[in-house]
Participant: 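Below is a structure I'd like to ask you about.
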Amino acid sequence: MWAYTWRVLPYMGLLVMGLLVDPLVIRAPATQAYTAVSSHASSFRTRLQTKQLQLVPDRLDGSSANASDDGAAALSNAFEPGTFHQNHQVAQIWNQLRSPTSPKPRGKAEDYALTEELLRAHARNGTIIAAMSNAGHLDFVLNWAAHLMALNVTSFVVGALDSDMLWEMVDRGIPTFSLEAGLDKGDWGWGGQAFIAAGRSRQKIMEIICSLGFSVLMSDVDLVWLRDPLPYMAQWPAADLLVSSDSVVTTAEGEGLESASMVLQGNVGVVLARPSALAFLQEWGDMMAADPKLWEQAAFNDLVHRGGSIPDNDYPDLFRGYDQGLSIGTLPVGLFCNGHTNFVQQLPETLGLEPFSLHAIYQYSAEAGKRHRFRESLAWNDPEEYYDPPGGFVTYEPNVSRLLATAAPAPGSLQLDNFAGHFDLVNHQLKELRHALAIASALERVLIVPPMWCGADRYWAPHDGRIFPSQLPALPFICPLDHVLDLEAMQKKQPEIVFGPHIHFREYSLLDNPRMPLAVKQNELQIRTCQDDSNQPECASLTADSHVQTYAQDVWLTPNLTDAQLLETLQPYAGEKILRFHDVVGAFGGHKNPQDADRFERRTKSYTSLWMLGSLSLGPDAAKHHNIRRTSHLCSSITHAAEKTLASQQH
């Protein structure tokens, strides 16, 4: 039972955490200030949320004087890109790693062993940072390495789990060793056989390094380093293990460790192990050898908590675990961030901290979701053509202000009606998005998806909109795109004869990325739509045959143009790098060819596969379709869980 509890606690027992953590210390204040974090503490996402919420009407009828359906347009100056997550040095290093000048002498795979000589050549003060990967995750490794190298951290090695990965590392001059594991060279997929096998490789690497007398900071590669972590680890020389956490709350003060009395939900994505933990590492390996299906993180936590865990009397920041035989510390989730504390909660910004790492977990859409979250946070690198594609970009101003006031569900209720505001908000944004996707497809441009607002968080278990006891600052909030859309489906290449042309898209922070060429950012055309009852002077010359009018450097269109009409009307502006629509729903009136409409419908339905039961059709035939409130899998699980709970109480 004890083992089972620790395996499920990080995922299904967060409500229990509310009973284990003193609520008075959940929001422990930061006690240190960092000048380097000033740009991060006022990041563009935080400022965007703040300014947008200031536009929310005071009354539900939207009569507030400073409320506007086009309120998001006033936020264009809210984006202030910081240098926190990404800088030009990272990009330059990444470009060099991405395209090695010439292959290096290779030799034989067996020549690249994990040896004392290799570790001595690269370790710093007896500690090495280590990672492992197969060739299928090369882009993650290059991003991981580029961030470390930009910090002047060279004390790392990468274990190659297949021969292709080994030679990729050798050609780039990245210190590497061969650990052929016979794994699939693609995506391992959480919980699958390859995923489980990769965990054995992690344990094996750590055991070998510690047996050679070195300390190892083991790191996943779906993680970026923003500060040199080794000086931080050196502050706790008495710790045999320092472990990152899946917790969604912090008890840490300033840059200290999490409270020793807080129950550890260890995440082995970041683990420091010293040679004094060798016996633990060996038994960890023995446990997994005895059970081929055992997940290495579950085994790790079982072993840590075996015999109970108690505070370390000699070192108050640490606790005694592993039958009280080891001193263990929990790395703070505000500094060594998991996917929820950073990408959802923005906990470092809330506490004024400068994190060491961002780990892309607590996310959806598999690897596509991980990449997109890093891109949204300016912590990913792409080739130059990503920022200046042929044909240019199209984007739009979301009109969401009036829906934000009623988007947040009331605390404590799992009833579906409690989430009506959240559904209304997301449904509206999906409608805008579908029109924008149609326009992008018609114009053969790449769509920059604006920030997506959510009235509720997303999780694998029932909740009332907030993952208790997380420190989500406020609802609604700008949520990661994978909270709403199936990014794997959006990136998947589908046969055009069935699904129509592929539609490329970009993250909402793209234009604030330091790598965006200035010539692209400054070449933006504003496109507005004249409504049928409009008496605006800029619309006076529009006729059934003339759909466009230029007025004060903006372009005005007649409403509800077909895809063919839009392509023809905007052809004179094909040279503009960015077309920004201010009424994306009013601008598009449907497809000229019904077959094109069917193909587009099939494609976009897969995009919203997580947000089901309904149809938001485009164009004049929309009235023929039922507009049913969509119900996501998440809230279906909420309702079913609530019904079961009520039924059990009644019986």
Side-chain angles (χ1 to χ4, degrees), residues 11 133-143 183-195 198 220-223 338-340 343-344 358-377 379-383 386 389 426 429-430 433-434 436-438 440-441 446-452 454 457-460 479-496 498-510 599-614 616 630-637:
Y11 303 97
S133 180
N134 63 356
H137 299 87
L138 177 62
D139 56 345
F140 284 96
V141 173
L142 298 185
N143 193 58
L183 301 178
D184 191 312
K185 295 182 180 181
D187 182 8
W188 293 328
W190 193 95
Q193 183 177 356
F195 177 87
D220 281 353
V221 295
D222 59 342
L223 176 148
N338 58 51
H340 198 274
F343 301 112
V344 177
L358 309 179
H359 193 183
I361 58 174
Y362 276 103
Q363 42 69 227
Y364 309 89
S365 295
E367 292 183 4
K370 294 176 184 290
R371 293 186 185 94
H372 199 81
R373 287 203 180 189
F374 282 141
R375 284 172 174 141
E376 288 180 335
S377 298
W380 187 260
N381 291 278
D382 286 290
Y386 184 87
V426 177
Q429 292 173 98
L430 288 176
L433 175 62
R434 286 166 64 84
L437 287 166
S441 180
V446 176
L447 175 63
I448 302 175
V449 181
M452 183 69 68
C454 292
D457 202 349
R458 183 183 173 191
Y459 193 57
W460 296 272
C479 53
L481 195 60
D482 59 82
H483 271 208
V484 176
L485 299 177
D486 186 341
L487 303 186
E488 285 187 290
M490 294 182 72
Q491 293 184 358
K492 184 178 181 180
K493 300 297 183 181
Q494 303 274 23
E496 292 192 9
V498 179
F499 296 94
H502 184 76
I503 307 172
H504 295 275
F505 68 99
R506 298 289 190 266
E507 65 278 9
Y508 70 82
S509 58
L510 180 74
R599 284 189 282 265
F600 176 79
E601 186 74 11
R602 281 192 288 270
R603 176 175 291 279
T604 54
K605 275 185 176 180
S606 68
Y607 293 0
T608 56
S609 60
L610 301 172
W611 201 266
M612 300 180 68
L613 299 181
L616 286 174
R630 299 182 172 203
T631 307
S632 69
H633 292 308
L634 166 66
C635 286
S636 294
S637 67

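One is the number of the first residue; the rest follow in order along the sequence. These numbers come from the heavy atoms of this one structure, side chains and all, not from hydrogens, waters or symmetry mates. Predicted, not measured: the structure shown is a model, and the values here were computed from it.
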Participant: Using side chain to side chain donor-acceptor pair (under 3.5 Å) as the criterion, list what pairs up with Asp220, not counting sequence neighbours.
Facilitator: Arg202, His359

Participant: In terms of ring plane angle, is the pair His483 and Tyr364 parallel, tilted or perpendicular, where the classes change at 30° and 60°?
Facilitator: perpendicular

Participant: Please list, chain by chain and in numerical order, all residues satisfying side chain to side chain contact (heavy atoms under 4.5 Å, CB included) with Asn143, sequence neighbours excluded.
Facilitator: His147, Val224, Trp380, Asn381

Participant: Answer yes or no: is there a side-chain heavy-atom contact under 4.5 Å between Val484 and Gln429?
Facilitator: no

Participant: Has the side chain of Ser606 got a donor or acceptor atom that lies under 3.5 Å from a matching backbone atom of Met490?
Facilitator: no

Participant: Mind listing the closest non-hydrogen atom pair of Arg434 and Thr604 along with its distance?
Facilitator: NH1-OG1, 3.1 Å

Participant: Minimum heavy-atom separation for Ile448 to Tyr508, with atom names?
Facilitator: CG2-CA, 4.4 Å

Participant: Under the rule for salt bridge (charged side-chain N to carboxylate O under 4.0 Å, His left out), what residues qualify as partners of Arg371, not counting sequence neighbours?
Facilitator: Asp139, Glu367

Participant: Considering non-hydrogen atoms only, spot the tightest contact between Phe499 and Gln494 and give its length.
Facilitator: CD1-CB, 3.4 Å

Participant: Is there side-chain contact between Leu437 and Phe600, with at least one heavy-atom pair below 4.5 Å?
Facilitator: yes

Participant: With sequence neighbours left out, write down each residue that passes side chain to side chain donor-acceptor pair (under 3.5 Å) with Ser365, or none if nothing qualifies.
Facilitator: none

Participant: Check side chain to side chain donor-acceptor pair (under 3.5 Å) between Glu507 and all other residues, then give those that pass, not counting sequence neighbours.
Facilitator: Tyr386

Participant: Once you round to the nearest 0.5 Å, how far does CD1 of Ile503 lie from CG of Leu447?
Facilitator: 8.0 Å

Participant: Could you pull out all residues at least two apart from Asp486 that satisfy salt bridge (charged side-chain N to carboxylate O under 4.0 Å, His left out)?
Facilitator: none

Participant: In sequence, state the C-alpha distance, the side-chain angles, and the governing distance for Leu485 and Leu433, and then conclude on side-chain contact (heavy atoms from CB on, under 4.5 Å).
Facilitator: CA-CA 11 Å; Leu485 299 177; Leu433 175 62; 3.5 Å; yes

Participant: Given side chains that start at C-beta, do those of Pro480 and Val344 come closer than 4.5 Å, heavy atoms only?
Facilitator: yes

Participant: Grab the two heavy atoms, one from Arg373 and one from Ile361, that are nearest each other, plus how far apart they are.
Facilitator: NH1-O, 3.9 Å

Participant: Give me the atom names and distance for the closest heavy-atom approach of Ala368 to Gln491.
Facilitator: CB-OE1, 3.6 Å

Participant: Please list, chain by chain and in numerical order, all residues satisfying ring pair (Phe, Tyr, Trp, His ring centres under 6.0 Å) with His372, sequence neighbours excluded.
Facilitator: Phe505

Participant: Is there a side-chain contact between Lys492 and Glu488 in this structure, where contact means two heavy atoms from C-beta onward sitting under 4.5 Å apart?
Facilitator: no

Participant: Using the test side chain to side chain contact (heavy atoms under 4.5 Å, CB included), find all partners of Glu496 that sit at least two apart in sequence or belong to another chain.
Facilitator: Pro501

Participant: I'd like to know if the side chain of Gln363 and the backbone of Ala366 have a donor-acceptor N/O pair within less than 3.5 Å.
Facilitator: yes

Participant: Over 60° means perpendicular and under 30° means parallel, so classify the ring planes of His502 and His504, tilted if in between.
Facilitator: perpendicular

Participant: Run the numbers on Leu358 and Phe343 for side-chain contact (heavy atoms from CB on, under 4.5 Å), then give the verdict.
Facilitator: CA-CA 9 Å; Leu358 309 179; Phe343 301 112; 4.3 Å; yes

Participant: What is the minimum heavy-atom distance between Asp482 and Arg458, and which atoms define it?
Facilitator: O-NH1, 2.8 Å

Participant: Using the test salt bridge (charged side-chain N to carboxylate O under 4.0 Å, His left out), find all partners of Arg506 that sit at least two apart in sequence or belong to another chain.
Facilitator: none

